[in-house]
Amino acid sequence: MSEDPTAGRTPHGVEGPITRRSFLFKLGIGLNAAAAALFAIPVLGFVASALRGKAKQAWIPLARVADFPEGETRLATYRNPFVVPWDGKTADIPCWVRHIRGNKFQVFAINCAHLGCPVRWFKESGLFMCPCHGGVYYEDGQVAAGPPPRGLYEYEYKVKRDELWVRAGRIPTLAQSV
Amino acid sequence: MDLRGIGEWFESRLQLGSLYRTTAGHPIPRNSASWWYVFGSATLVCFVLQIVTGICLALVYVPSADEAWTSLEFLNYQQSLGWFLRAVHFWGSNVMVALMTVHMIQVFLMGAHKYPRELTWVIGCVLFIATIGMAFTGQVMRFDQDAYWGLGIGVAIMARIPIVGTALVDLILAGPIIGAETLSRFFTLHVFVVPGLIIAFVTVHLRLVLKRGINEFPVRGKGVVPEEYDEEYAALIEKEGIPFFPDGVDKDIVFSAAVIVAILFCAAIFGPAGPNGEPDPTLIDTVPRPDFYFLSLFAVLALLPPQIETFVLVYVMPVAILLLFLIPFIAGKGAKHPADRPIAVLGVVLICTTISTLAWLGISSPWSPHMDAWSGEPTPVAYVEERSPLELQGAVLIQARQCRNCHALGGRGGQRGPALDDVATRLTADQLTRQILQGGGNMPAYGKHLSPDETTALVAFLRTMRPIGVPGAR
Ligand code: FES
């Protein structure tokens, strides 16, 4: 209409709101908008696919119960249940296993509850220490000192036929535990 | 056809003369061709250097979680001159961030963000953030232990954002955990998306410089009055304008050349950065530290009281960044010369000292336990001389129970807790016992991990820790 610069200047000299050219112009805009939407939907879907579907957790066997003497805390590693072939070593995830007694365990994520740095266990003093900002935890995962706003993240675990299983698959954060 | 004829033939088609007059040859105030005004162009030169070295590195680098680290080692040790290009890329990035910061400070101090250059400032802020984004994604490209745990720190911060936190983490990592797709994602950002944005915004930035003119050198006692400024500026250009190229460019090109040579020198002498250990999460004996641009943030995260940390990260920091964008709308007219703006100068000094102090703290990280002090730093000999067997038992426990990881003896060991060299002058035996067993004041309680005998020995030893001639606390 009025914003159409070609209105009223058609070679046919036809005055008025709708000429063949202004119609084609509008049709062109409309078609391009539709094409852009058709294009954008799969592109956005592709990029955001990380948000959808895909189970984030799965039960996996961690190790044999006999590998963890009662009363001790040891490092265990597992292969992340969701991998692609070119993940390399990044899919090898460590965790701390505290065998309390019998079938009672605590399986801690390696990630400090403050900002995710790898905590280290010192059995002599019975403490986990974080190398980043000085977070310290007791053997049961409770905060002993430093900035962590909560205790260590704990995996869900179960003991099945002398094997220790954990539910794993995602990085723990304050928004959601492992 | 003679040479001149050939020249005219091309000129009549390409019309470079008019292009020159509206771009490189645009007039600038004579006093703007100053040594103060060389940082922006030098930043741009660094960016070009980054593009060239980046393209070269991409010829060899493999953006796969499995192979990236190996390909970096290959670049360092096997690819001829690979180490040098990696070094130039690394030092170039450091210098680029540094020059951009200086450019920003200079622009602010000279009042160049005021009318009519508000948008130039805003675009500059976008470029600042994009460049910091390049620095962070670049740190991930150097796919080593620091990169791996740095990503972890990044998402741990993101996850604190209410409601969308988890979704953001998944989006950034391209999945629920750091893995192959994470690296691909950061590669795409570092190599395609952010550089593309930078080129686009630099174009707008430069167009604004051409259209709104370069800031005249500020004069004491003279401020910006938007209604009069355009006319005054036009008059100034009329009276003493010189074409940027070739008359006003001399200092820029001298400085830029010096910057390039300095980068090449640093690269040749200090070499590339890392990669340090392989990005294998099971190697947990690592002390992750960020590159220098993020050291101050790293320090803030250690020093903030835990209760307000999330608030500061999620609300205060974005508001601070927003304020940076809004500066020309808050103070867009009035005095330009730094001597007429004491508060602005004070603000700059304050922010710079805070950030550099924090970065300095970030390097030394006094808040972190020294993980190896207990087994690696011997007890000073003077502290075990003429001690009783019980006290010596205590000295052994100080090492064996990792006390040294947080407490220094003879200046060596962690600085998380107070040094123990003169602890006996501060605490009585009872106070020592209570502190050790119950902890408190940011010290863990050791009650469960010390037998009564061990505690007695420990306290006996600590009671000897005072300078000769100074009595113990009572
Ligand atoms: S990440 Fe452990 S204390 Fe900050």
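Remember, predicted model here, so these are calculated numbers, not experimental data. Naming: A, B, ... by sequence-line order, numbering from 1 per chain.
Contact of B:L173 with chain A is made through the side chain alone, with heavy-atom distances under 4.5 Å. With a 4.5 angstrom heavy-atom cutoff, A:W121 does not touch chain B via any of its atoms. Both the backbone and the side chain of B:A445 come within less than 4.5 Å of a heavy atom in chain A. There is no contact between A:V83 and chain B, counting heavy-atom distances below 4.5 Å. Contact of B:E278 with chain A is made through the side chain alone, with heavy-atom distances under 4.5 Å. The part of A:N111 that comes within reach of chain B is its side chain, from C-beta onward, which places non-hydrogen atoms under 4.5 angstrom from that chain. Contact of B:A167 with chain A is made through backbone and side chain together, with heavy-atom distances under 4.5 Å. With a 4.5 Å cut-off on non-hydrogen atoms, A:P148 does not touch chain B at all. Residue A:C95: no heavy atom, backbone or side chain, is found under 4.5 Å from chain B. Using a 4.5 Å cut-off between heavy atoms, B:N405 contacts chain A through its side chain alone, with no backbone atom that close. Within the 4.5 angstrom heavy-atom criterion, no atom of B:W69 approaches chain A. Heavy atoms closer than 4.5 Å to chain B are found nowhere in A:Y137, neither backbone nor side chain.
Every side-chain contact (heavy atoms from CB on, under 4.5 Å) that B:A180 has, sequence neighbours left out, goes to A:V84, A:W86, A:D87, B:A65.
Among A:G116, A:P147, A:P149, the residue with the largest count of heavy-atom pairs under 4.5 Å with chain B is A:P147. Ranked by heavy-atom pairs shorter than 4.5 Å toward chain B, the options A:L127, A:L115, A:I171 are led by A:L115. For the set B:G150, B:P305, B:A156, B:P162, the entry with the most heavy-atom pairs within less than 4.5 Å of chain A is B:A156.
Note: A:H133 and B:F298 have tilted aromatic rings, judged against thresholds of 30 and 60 degrees for the angle between ring planes.
Between the side chain of A:R170 and the main chain of B:G175, no donor-acceptor pair closer than 3.5 Å is present. At least one donor-acceptor pair closer than 3.5 Å links the side chain of B:N442 to the backbone N or O of A:G146.
A heavy-atom distance below 4.5 Å is not found between the side chains of B:C403 and A:E124. Side-chain atoms of B:P369 and A:P131, non-hydrogen and from C-beta on, never get closer than 4.5 Å to each other. Counting heavy atoms from C-beta on, the side chains of B:T286 and A:P118 come closer than 4.5 Å. The shortest distance between side-chain heavy atoms of B:L301 and A:H114 falls below 4.5 Å.
The structure places OG1 of B:T282 at 6.0 Å from CG of A:D92, a figure rounded to the nearest 0.5 Å. The distance from the CD atom of A:Q57 to the CD1 atom of B:I177 is 10.0 Å, given to the nearest 0.5 Å. Here CE of B:M158 is found 14.0 Å from CG of A:L174. Values are rounded to the nearest 0.5 Å.
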Side chain to side chain contact (heavy atoms under 4.5 Å, CB included) between A:T173 and B:T166, intermediate numbers included:
CA-CA 8 Å; A:T173 58; B:T166 328; 5.6 Å; no
Starting from the C-alpha separation in whole Å, work towards a yes-or-no answer on side chain to side chain donor-acceptor pair (under 3.5 Å) for B:Q402 and A:S125.
CA-CA 6 Å; B:Q402 283 101 19; A:S125 46; 2.6 Å; yes
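Within 6.0 Å of atom CE in B:M371, more than 12 heavy atoms from other residues, nucleotides or ligands are found, so the atom counts as buried in its surroundings. With a 6.0 Å radius and a threshold of 12 heavy atoms from other residues, nucleotides or ligands, A:K123 has its NZ atom at or below the threshold. Within a 6.0 Å radius of CZ in A:R167, more than 12 heavy atoms belonging to other residues, nucleotides or ligands are found. A 6.0 Å sphere centred on CG of A:L31 holds more than 12 heavy atoms belonging to other residues, nucleotides or ligands.
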